[in-house]
Amino acid sequence: MDDISNLIKEARPLYFARKKRNNRIKTALCSLVIIVMVGMFYPRNNDYIYDYNYYLFGTDFSWNETTSIIEEMGLPTDDYGLLMVG
């Protein structure tokens, strides 16, 4: 009878640890399934705009080979159009 009691005392923490681990795994899988199901019903807008002028709307820039953008901004530049430091 003492052998059975000792086995039960020894196995009890292992049983509860395994039960706790299995419950955590079940919870994680259920959460994942719920997130996927909610994501399936989330409304999507698939109207992608591939026009780059749309993304640059409202920004003023110019392509000029003689002056640099830094010089157009009014910052001091050297002969190569790079920002002059010091």
Side-chain angles (χ1 to χ4, degrees):
M1 196 68 161
D2 287 332
D3 293 337
I4 295 173
S5 296
N6 289 336
L7 286 174
I8 291 173
K9 286 180 185 177
E10 185 179 337
R12 184 176 180 185
L14 299 174
Y15 170 76
F16 284 119
R18 184 177 63 191
K19 187 175 180 181
K20 191 175 190 180
R21 185 192 71 220
N22 288 344
N23 285 340
R24 285 181 181 172
I25 291 171
K26 289 176 192 175
T27 303
L29 289 176
C30 289
S31 300
L32 182 65
V33 167
I34 289 172
I35 289 172
V36 168
M37 292 298 289
V38 168
M40 285 177 35
F41 294 111
Y42 189 77
R44 294 184 197 101
N45 184 5
N46 292 332
D47 297 333
Y48 297 113
I49 298 173
Y50 294 109
D51 185 17
Y52 294 111
N53 291 328
Y54 173 78
Y55 295 111
L56 299 174
F57 182 72
T59 59
D60 295 328
F61 70 96
S62 63
W63 183 265
N64 193 351
E65 294 181 4
T66 58
T67 59
S68 70
I69 296 173
I70 299 171
E71 189 175 350
E72 289 179 5
M73 290 170 51
L75 298 171
T77 58
D78 60 0
D79 295 336
Y80 299 105
L82 301 173
L83 183 63
M84 188 180 300
V85 180

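Keep in mind the model is a prediction, meaning the values are calculated, not measured.
In this structure, CZ on Arg24 lies 14.5 Å from CG on Leu29, to the nearest 0.5 angstrom. With rounding to the nearest 0.5 Å, the separation of CD1 in Ile8 from CG in Asp3 is 11.0 Å.
In terms of the side chain to side chain contact (heavy atoms under 4.5 Å, CB included) criterion, residue partners of Tyr80 (sequence neighbours excluded) are, by chain and number, Asp78, Leu82.
Hydrophobic clustering of Ile, Leu, Val, Met, Phe, Trp and Tyr side chains at less than 4.5 Å, counting indirect connections, keeps Val36 apart from Tyr42. At a threshold of 4.5 Å between side-chain heavy atoms, the hydrophobic network of Ile, Leu, Val, Met, Phe, Trp and Tyr places Leu14 and Leu7 in two separate groups.
For the pair Thr77 and Met84, the minimum side-chain heavy-atom distance is 4.5 Å or more.
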Report the C-alpha distance between Asn23 and Lys26 in whole Å, list the side-chain angles of each, state the deciding distance to 0.1 Å, and finish with yes or no for side-chain contact (heavy atoms from CB on, under 4.5 Å).
CA-CA 5 Å; Asn23 285 340; Lys26 289 176 192 175; 4.3 Å; yes
